[in-house]
> 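Take this structure first; my questions come after.
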Amino acid sequence: MISIALILPDNNRDYLANTILDGFRALEHTKEYNVRISPRFTAIADYSDWELGDEAFVEFAKTADLIIYIHAKYTTLDLVNKIGLWDKTVCVDGNEVGKDNRYDPAVRQGLVDGTYRGLGVIQRDLLKKCRKYFRREKPYVDGIIPFPFGIEDRFIRYQSGQKKDIDFTCIFGQDEYPILRRQATEALEEFCSENGFTCATARTNSLFNRDPKSNKSQSRFHDVLARTKVGISIGGGGFDTLRFWEIMANNCVLLTESIDIYDPGSDELKFKRIFEFKDLAEFKIKLEELGKIINPAVSMNS
(Lines give C-alpha, C1' and ligand atoms only; values in the text may rest on other atoms or scores of the structure.)
Protein backbone atom coordinates (compact mmCIF):
# COMPACT_ATOMS: atom_id res chain seq x y z
CA MET A 1 0.00 0.00 0.00
CA ILE A 2 1.28 3.44 -0.95
CA SER A 3 1.14 6.06 1.82
CA ILE A 4 0.33 9.61 0.73
CA ALA A 5 0.36 12.73 2.91
CA LEU A 6 -1.69 15.68 1.62
CA ILE A 7 -0.87 19.16 2.94
CA LEU A 8 -4.01 21.25 2.44
CA PRO A 9 -4.88 24.97 2.81
CA ASP A 10 -5.57 26.12 6.37
CA ASN A 11 -9.10 27.15 7.38
CA ASN A 12 -10.25 27.75 3.86
CA ARG A 13 -11.56 26.11 0.71
CA ASP A 14 -9.68 25.29 -2.46
CA TYR A 15 -11.32 23.79 -5.52
CA LEU A 16 -8.25 21.98 -6.83
CA ALA A 17 -7.67 20.40 -3.42
CA ASN A 18 -11.25 19.13 -3.50
CA THR A 19 -10.68 17.65 -6.96
CA ILE A 20 -7.60 15.78 -5.70
CA LEU A 21 -9.41 14.53 -2.61
CA ASP A 22 -12.33 13.35 -4.73
CA GLY A 23 -9.91 11.42 -6.95
CA PHE A 24 -8.29 9.64 -4.03
CA ARG A 25 -11.68 8.84 -2.53
CA ALA A 26 -12.70 7.28 -5.85
CA LEU A 27 -9.59 5.07 -5.66
CA GLU A 28 -10.24 4.02 -2.07
CA HIS A 29 -11.91 0.76 -3.10
CA THR A 30 -8.63 -0.42 -4.67
CA LYS A 31 -7.02 -0.49 -1.22
CA GLU A 32 -3.76 0.59 -2.86
CA TYR A 33 -3.46 3.98 -1.15
CA ASN A 34 -3.27 5.03 2.48
CA VAL A 35 -4.14 8.74 2.40
CA ARG A 36 -3.90 11.14 5.32
CA ILE A 37 -4.55 14.89 5.27
CA SER A 38 -3.46 17.88 7.32
CA PRO A 39 -6.07 19.44 9.65
CA ARG A 40 -8.32 22.51 9.29
CA PHE A 41 -9.13 22.31 5.57
CA THR A 42 -12.67 23.39 4.61
CA ALA A 43 -13.64 20.47 2.40
CA ILE A 44 -16.87 20.14 0.45
CA ALA A 45 -17.16 16.43 1.28
CA ASP A 46 -16.37 14.65 4.54
CA TYR A 47 -12.75 13.53 4.83
CA SER A 48 -12.57 13.48 8.62
CA ASP A 49 -11.54 9.82 8.54
CA TRP A 50 -8.31 10.86 6.80
CA GLU A 51 -7.52 13.89 8.96
CA LEU A 52 -4.68 13.91 11.49
CA GLY A 53 -3.58 16.53 13.99
CA ASP A 54 -0.43 18.51 13.22
CA GLU A 55 2.05 16.35 15.12
CA ALA A 56 0.54 13.04 14.02
CA PHE A 57 0.44 14.28 10.43
CA VAL A 58 4.11 15.27 10.48
CA GLU A 59 5.07 11.84 11.80
CA PHE A 60 2.95 10.14 9.14
CA ALA A 61 4.43 12.32 6.38
CA LYS A 62 7.99 11.48 7.40
CA THR A 63 7.38 7.79 6.66
CA ALA A 64 4.99 8.31 3.70
CA ASP A 65 5.92 7.35 0.16
CA LEU A 66 4.71 10.67 -1.24
CA ILE A 67 3.95 14.14 0.15
CA ILE A 68 1.63 16.36 -1.90
CA TYR A 69 1.78 20.02 -0.99
CA ILE A 70 -1.15 21.99 -2.41
CA HIS A 71 -0.07 25.59 -2.81
CA ALA A 72 -3.08 27.91 -2.77
CA LYS A 73 -3.95 31.40 -1.60
CA TYR A 74 -4.38 30.29 2.02
CA THR A 75 -1.80 27.51 2.27
CA THR A 76 1.08 27.99 4.67
CA LEU A 77 4.55 26.51 4.31
CA ASP A 78 4.80 25.65 8.00
CA LEU A 79 4.06 21.92 7.69
CA VAL A 80 5.99 21.29 4.49
CA ASN A 81 9.02 23.12 5.92
CA LYS A 82 8.75 21.23 9.21
CA ILE A 83 8.72 17.91 7.36
CA GLY A 84 11.51 19.04 5.04
CA LEU A 85 11.64 15.94 2.87
CA TRP A 86 11.78 17.63 -0.53
CA ASP A 87 12.97 14.55 -2.41
CA LYS A 88 9.52 12.96 -1.99
CA THR A 89 7.45 16.17 -2.02
CA VAL A 90 5.51 17.36 -5.06
CA CYS A 91 3.91 20.79 -5.29
CA VAL A 92 0.48 21.27 -6.84
CA ASP A 93 0.03 24.98 -7.56
CA GLY A 94 -3.64 25.89 -7.90
CA ASN A 95 -3.20 29.67 -8.01
CA GLU A 96 -4.33 32.07 -10.74
CA VAL A 97 -3.45 35.67 -11.55
CA GLY A 98 -7.04 36.85 -11.04
CA LYS A 99 -9.46 39.26 -12.73
CA ASP A 100 -8.42 40.08 -16.32
CA ASN A 101 -4.70 39.69 -15.68
CA ARG A 102 -4.36 36.51 -17.72
CA TYR A 103 -4.90 38.64 -20.83
CA ASP A 104 -2.20 41.16 -19.88
CA PRO A 105 0.95 40.61 -22.01
CA ALA A 106 3.16 42.12 -19.29
CA VAL A 107 1.80 39.70 -16.68
CA ARG A 108 2.16 36.74 -19.03
CA GLN A 109 5.76 37.65 -19.84
CA GLY A 110 6.54 38.34 -16.19
CA LEU A 111 5.34 34.87 -15.22
CA VAL A 112 7.70 33.36 -17.77
CA ASP A 113 10.82 35.38 -16.95
CA GLY A 114 10.23 35.52 -13.19
CA THR A 115 9.78 39.30 -12.88
CA TYR A 116 6.06 39.11 -12.01
CA ARG A 117 5.37 39.30 -8.26
CA GLY A 118 1.58 39.41 -8.04
CA LEU A 119 -1.18 36.88 -7.39
CA GLY A 120 -0.61 33.55 -9.10
CA VAL A 121 3.18 33.88 -9.26
CA ILE A 122 5.15 30.68 -9.86
CA GLN A 123 6.80 29.53 -6.63
CA ARG A 124 10.30 29.22 -8.05
CA ASP A 125 11.85 28.21 -4.74
CA LEU A 126 9.46 25.24 -4.58
CA LEU A 127 10.08 24.53 -8.25
CA LYS A 128 13.75 24.02 -7.35
CA LYS A 129 13.16 22.10 -4.11
CA CYS A 130 10.27 19.78 -4.95
CA ARG A 131 10.61 16.54 -6.86
CA LYS A 132 7.81 17.62 -9.23
CA TYR A 133 5.86 20.85 -9.71
CA PHE A 134 2.33 20.76 -11.11
CA ARG A 135 0.36 23.88 -11.99
CA ARG A 136 -3.29 24.53 -12.84
CA GLU A 137 -2.73 27.60 -15.01
CA LYS A 138 -0.21 28.49 -17.68
CA PRO A 139 2.67 29.11 -18.13
CA TYR A 140 4.24 25.67 -17.83
CA VAL A 141 7.92 26.62 -17.77
CA ASP A 142 11.08 24.91 -16.51
CA GLY A 143 9.53 21.46 -16.25
CA ILE A 144 6.16 22.47 -14.77
CA ILE A 145 3.46 19.87 -15.52
CA PRO A 146 -0.17 20.87 -16.35
CA PHE A 147 -2.66 19.89 -13.63
CA PRO A 148 -6.18 21.21 -14.37
CA PHE A 149 -9.41 20.53 -12.53
CA GLY A 150 -11.32 17.39 -13.46
CA ILE A 151 -14.76 15.82 -13.20
CA GLU A 152 -15.67 15.14 -9.58
CA ASP A 153 -18.25 12.58 -8.55
CA ARG A 154 -20.43 15.28 -6.96
CA PHE A 155 -20.79 17.07 -10.31
CA ILE A 156 -22.64 14.20 -11.97
CA ARG A 157 -26.42 14.59 -11.82
CA TYR A 158 -27.36 13.45 -15.30
CA GLN A 159 -28.86 9.96 -15.52
CA SER A 160 -28.89 7.91 -18.69
CA GLY A 161 -32.03 8.58 -20.70
CA GLN A 162 -32.90 11.74 -18.78
CA LYS A 163 -34.81 14.34 -20.80
CA LYS A 164 -32.89 17.50 -21.56
CA ASP A 165 -35.39 20.35 -21.75
CA ILE A 166 -33.03 23.36 -21.54
CA ASP A 167 -31.31 24.20 -24.82
CA PHE A 168 -28.52 26.43 -23.45
CA THR A 169 -27.16 27.22 -19.99
CA CYS A 170 -24.88 30.20 -19.37
CA ILE A 171 -24.45 30.73 -15.61
CA PHE A 172 -21.49 32.40 -13.90
CA GLY A 173 -20.63 33.30 -10.32
CA GLN A 174 -19.69 36.80 -11.51
CA ASP A 175 -19.76 38.46 -14.93
CA GLU A 176 -17.48 41.45 -14.35
CA TYR A 177 -14.29 39.80 -15.59
CA PRO A 178 -13.68 38.93 -18.23
CA ILE A 179 -16.33 41.15 -19.81
CA LEU A 180 -16.84 38.38 -22.39
CA ARG A 181 -18.93 36.56 -19.77
CA ARG A 182 -21.53 39.33 -19.71
CA GLN A 183 -21.38 39.85 -23.45
CA ALA A 184 -21.89 36.15 -24.13
CA THR A 185 -24.83 35.96 -21.72
CA GLU A 186 -26.55 38.92 -23.36
CA ALA A 187 -25.88 37.52 -26.85
CA LEU A 188 -27.30 34.14 -25.83
CA GLU A 189 -30.45 35.65 -24.36
CA GLU A 190 -31.04 37.65 -27.53
CA PHE A 191 -30.36 34.62 -29.74
CA CYS A 192 -32.75 32.38 -27.80
CA SER A 193 -35.47 35.04 -27.70
CA GLU A 194 -35.28 35.58 -31.45
CA ASN A 195 -35.11 31.90 -32.42
CA GLY A 196 -37.34 30.16 -29.88
CA PHE A 197 -34.72 28.34 -27.86
CA THR A 198 -34.76 27.96 -24.08
CA CYS A 199 -31.87 29.12 -21.91
CA ALA A 200 -30.91 29.34 -18.25
CA THR A 201 -28.88 32.46 -17.42
CA ALA A 202 -28.08 33.92 -14.02
CA ARG A 203 -25.31 34.30 -11.49
CA THR A 204 -24.86 31.10 -9.52
CA ASN A 205 -24.16 33.05 -6.33
CA SER A 206 -27.44 34.97 -6.50
CA LEU A 207 -29.61 32.26 -8.06
CA PHE A 208 -28.49 29.34 -5.94
CA ASN A 209 -26.91 31.07 -2.92
CA ARG A 210 -23.86 28.86 -3.38
CA ASP A 211 -22.15 27.78 -0.20
CA PRO A 212 -18.68 26.20 -0.54
CA LYS A 213 -19.31 24.14 2.59
CA SER A 214 -22.56 22.66 1.30
CA ASN A 215 -23.28 20.24 -1.53
CA LYS A 216 -26.95 21.21 -1.56
CA SER A 217 -26.62 24.64 -3.17
CA GLN A 218 -24.09 23.46 -5.74
CA SER A 219 -26.15 20.41 -6.66
CA ARG A 220 -28.95 22.74 -7.78
CA PHE A 221 -26.62 24.09 -10.44
CA HIS A 222 -25.69 20.54 -11.43
CA ASP A 223 -29.39 19.69 -11.66
CA VAL A 224 -29.78 22.48 -14.22
CA LEU A 225 -26.81 21.16 -16.21
CA ALA A 226 -28.32 17.66 -16.18
CA ARG A 227 -31.28 19.12 -18.07
CA THR A 228 -29.09 21.16 -20.43
CA LYS A 229 -28.12 20.39 -24.03
CA VAL A 230 -25.37 23.02 -24.44
CA GLY A 231 -23.41 24.46 -21.51
CA ILE A 232 -21.27 27.57 -21.91
CA SER A 233 -17.95 28.03 -20.12
CA ILE A 234 -15.77 31.14 -19.99
CA GLY A 235 -12.92 31.29 -17.47
CA GLY A 236 -12.62 33.95 -14.79
CA GLY A 237 -9.39 34.85 -12.98
CA GLY A 238 -7.83 31.86 -14.72
CA PHE A 239 -8.86 29.91 -17.79
CA ASP A 240 -9.51 26.66 -15.95
CA THR A 241 -12.86 26.75 -14.20
CA LEU A 242 -15.02 24.12 -12.50
CA ARG A 243 -17.84 25.03 -14.89
CA PHE A 244 -15.85 23.57 -17.79
CA TRP A 245 -15.79 20.18 -16.06
CA GLU A 246 -19.27 20.40 -14.52
CA ILE A 247 -20.75 20.81 -18.02
CA MET A 248 -18.91 17.77 -19.37
CA ALA A 249 -19.90 15.75 -16.30
CA ASN A 250 -23.58 16.15 -17.17
CA ASN A 251 -23.53 14.91 -20.76
CA CYS A 252 -23.79 18.37 -22.31
CA VAL A 253 -22.21 19.79 -25.42
CA LEU A 254 -19.54 22.20 -24.17
CA LEU A 255 -19.27 25.63 -25.80
CA THR A 256 -16.08 27.19 -24.42
CA GLU A 257 -13.65 29.99 -25.12
CA SER A 258 -10.55 28.64 -26.87
CA ILE A 259 -9.07 26.00 -24.58
CA ASP A 260 -5.93 27.26 -22.85
CA ILE A 261 -5.04 24.43 -20.50
CA TYR A 262 -2.44 22.21 -22.15
CA ASP A 263 0.35 23.18 -24.51
CA PRO A 264 -0.56 24.09 -28.12
CA GLY A 265 -1.06 21.01 -30.27
CA SER A 266 -2.17 18.81 -27.37
CA ASP A 267 -5.00 16.37 -28.10
CA GLU A 268 -5.95 15.99 -24.43
CA LEU A 269 -9.32 17.75 -24.81
CA LYS A 270 -10.11 17.20 -28.48
CA PHE A 271 -13.63 15.83 -28.22
CA LYS A 272 -16.42 16.09 -30.79
CA ARG A 273 -18.81 17.53 -28.22
CA ILE A 274 -16.53 20.48 -27.43
CA PHE A 275 -16.98 23.62 -29.53
CA GLU A 276 -14.52 26.50 -29.11
CA PHE A 277 -14.71 30.23 -29.87
CA LYS A 278 -12.03 32.91 -29.69
CA ASP A 279 -14.21 36.03 -29.35
CA LEU A 280 -17.80 37.28 -29.21
CA ALA A 281 -18.22 37.25 -32.98
CA GLU A 282 -17.24 33.58 -33.22
CA PHE A 283 -19.40 32.82 -30.17
CA LYS A 284 -22.45 34.06 -32.08
CA ILE A 285 -21.49 31.92 -35.09
CA LYS A 286 -21.22 28.83 -32.83
CA LEU A 287 -24.65 29.58 -31.35
CA GLU A 288 -26.17 29.40 -34.83
CA GLU A 289 -24.25 26.23 -35.63
CA LEU A 290 -25.44 24.53 -32.44
CA GLY A 291 -28.95 25.88 -32.85
CA LYS A 292 -29.19 24.10 -36.20
CA ILE A 293 -28.05 20.87 -34.57
CA ILE A 294 -30.61 21.20 -31.75
CA ASN A 295 -33.46 22.03 -34.11
CA PRO A 296 -32.68 21.78 -37.84
CA ALA A 297 -36.15 23.12 -38.67
CA VAL A 298 -35.49 26.54 -37.12
CA SER A 299 -34.72 29.39 -39.51
CA MET A 300 -32.14 31.52 -37.70
CA ASN A 301 -32.66 35.24 -37.18
CA SER A 302 -29.15 36.73 -37.02
Side-chain angles (χ1 to χ4, degrees), residues 1-96 120-155 212 238 240 242 245 261-262 268:
M1 182 176 286
I2 300 171
S3 296
I4 299 174
L6 272 168
I7 302 175
L8 301 170
D10 257 11
N11 298 311
N12 217 293
R13 60 188 174 89
D14 181 76
Y15 289 132
L16 190 56
N18 277 304
T19 297
I20 293 169
L21 287 168
D22 181 81
F24 278 121
R25 185 65 93 189
L27 292 170
E28 193 170 34
H29 72 282
T30 68
K31 301 187 184 302
E32 294 180 6
Y33 303 97
N34 178 26
V35 178
R36 292 295 180 267
I37 64 175
S38 60
R40 297 179 296 279
F41 177 61
T42 305
I44 290 177
D46 181 12
Y47 298 101
S48 58
D49 54 320
W50 289 353
E51 185 175 321
L52 297 174
D54 286 327
E55 293 304 318
F57 179 81
V58 169
E59 291 306 310
F60 174 84
K62 286 179 178 179
T63 60
D65 299 293
L66 178 66
I67 300 166
I68 301 176
Y69 169 67
I70 300 177
H71 184 79
K73 186 185 296 185
Y74 300 100
T75 314
T76 68
L77 284 163
D78 292 348
L79 280 177
V80 72
N81 281 331
K82 189 172 184 178
I83 296 164
L85 298 173
W86 301 106
D87 60 323
K88 63 177 182 179
T89 300
V90 301
C91 176
V92 179
D93 183 353
N95 279 321
E96 61 188 27
V121 65
I122 294 171
Q123 303 299 310
R124 294 182 183 272
D125 57 333
L126 294 177
L127 183 57
K128 292 177 181 177
K129 288 181 179 179
C130 292
R131 185 162 186 171
K132 295 288 183 181
Y133 190 106
F134 299 86
R135 183 172 165 87
R136 201 188 97 213
E137 294 287 331
K138 286 185 176 180
Y140 311 128
V141 297
D142 299 327
I144 292 176
I145 303 167
F147 198 116
F149 293 126
I151 294 175
E152 298 178 30
D153 183 67
R154 66 189 176 91
F155 297 169
D240 196 22
L242 286 187
W245 305 96
I261 295 178
Y262 296 100
E268 288 289 339

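We're numbering straight along the sequence, starting at 1.
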> For Asp87, give me all partners under salt bridge (charged side-chain N to carboxylate O under 4.0 Å, His left out), at least two apart in sequence or on another chain.
none

> OG1 of Thr19 to CD1 of Ile70: how many Å apart, nearest 0.5 Å?
9.5 Å

> Would the number of heavy atoms belonging to other residues, nucleotides or ligands and lying under 6.0 Å from CZ of Arg40 be above 12?
yes

> Can you tell me how far the OH atom of Tyr47 sits from the CG atom of Leu6, to the nearest 0.5 Å?
10.5 Å

> Could I get the full list of salt bridge (charged side-chain N to carboxylate O under 4.0 Å, His left out) partners for Lys129, not counting sequence neighbours?
none

> Mind checking the OG-OH spacing from Ser38 to Tyr69? Nearest 0.5 Å is all I need.
10.0 Å

> Can you check whether Ser3's main-chain N or O pairs, donor with acceptor, with Asp65's side chain at less than 3.5 Å?
yes

> If the condition is side-chain hydrogen bond (donor to acceptor under 3.5 Å, both in side chains), which residues does Thr89 pass it with, not counting sequence neighbours?
none

> Would you name the heavy atoms of Ala61 and Leu85 that are closest together and state the gap between them?
O-CD1, 4.3 Å

> Give, for atom CG of Asn34 and atom CD1 of Ile4, the distance between the pair rounded to the nearest 0.5 Å.
9.0 Å

> Kindly give the heavy-atom pair with the smallest separation between Cys130 and Cys91, and that separation in Å.
SG-CB, 3.9 Å

> Rounded to the nearest 0.5 Å, what's the gap from OH on Tyr33 to CD1 on Ile2? Could you check?
5.0 Å

> Name all residues meeting the ring pair (Phe, Tyr, Trp, His ring centres under 6.0 Å) criterion together with Phe57; count only those two or more places apart in sequence or in a different chain, and write none if there are none.
none

> Which residues satisfy the salt bridge (charged side-chain N to carboxylate O under 4.0 Å, His left out) test with Asp153, sequence neighbours excluded?
none

> Are any side-chain N or O atoms of Asp14 and backbone N or O atoms of Ala72, one a donor and one an acceptor, separated by less than 3.5 Å?
no

> Apply salt bridge (charged side-chain N to carboxylate O under 4.0 Å, His left out) to Asp93 and list each qualifying residue two or more places apart in sequence or on a separate chain.
Arg135

> Determine, for Arg25 against Asp49, whether the closest basic-nitrogen to carboxylate-oxygen distance falls under 4.0 angstrom.
yes

> Do NZ/NE/NH1/NH2 and the carboxylate oxygens of Asp142 and Arg124 come within less than 4.0 Å?
yes

> What distance do Lys88 atom NZ and Arg131 atom CZ have between them, rounded to the nearest 0.5 Å?
11.0 Å

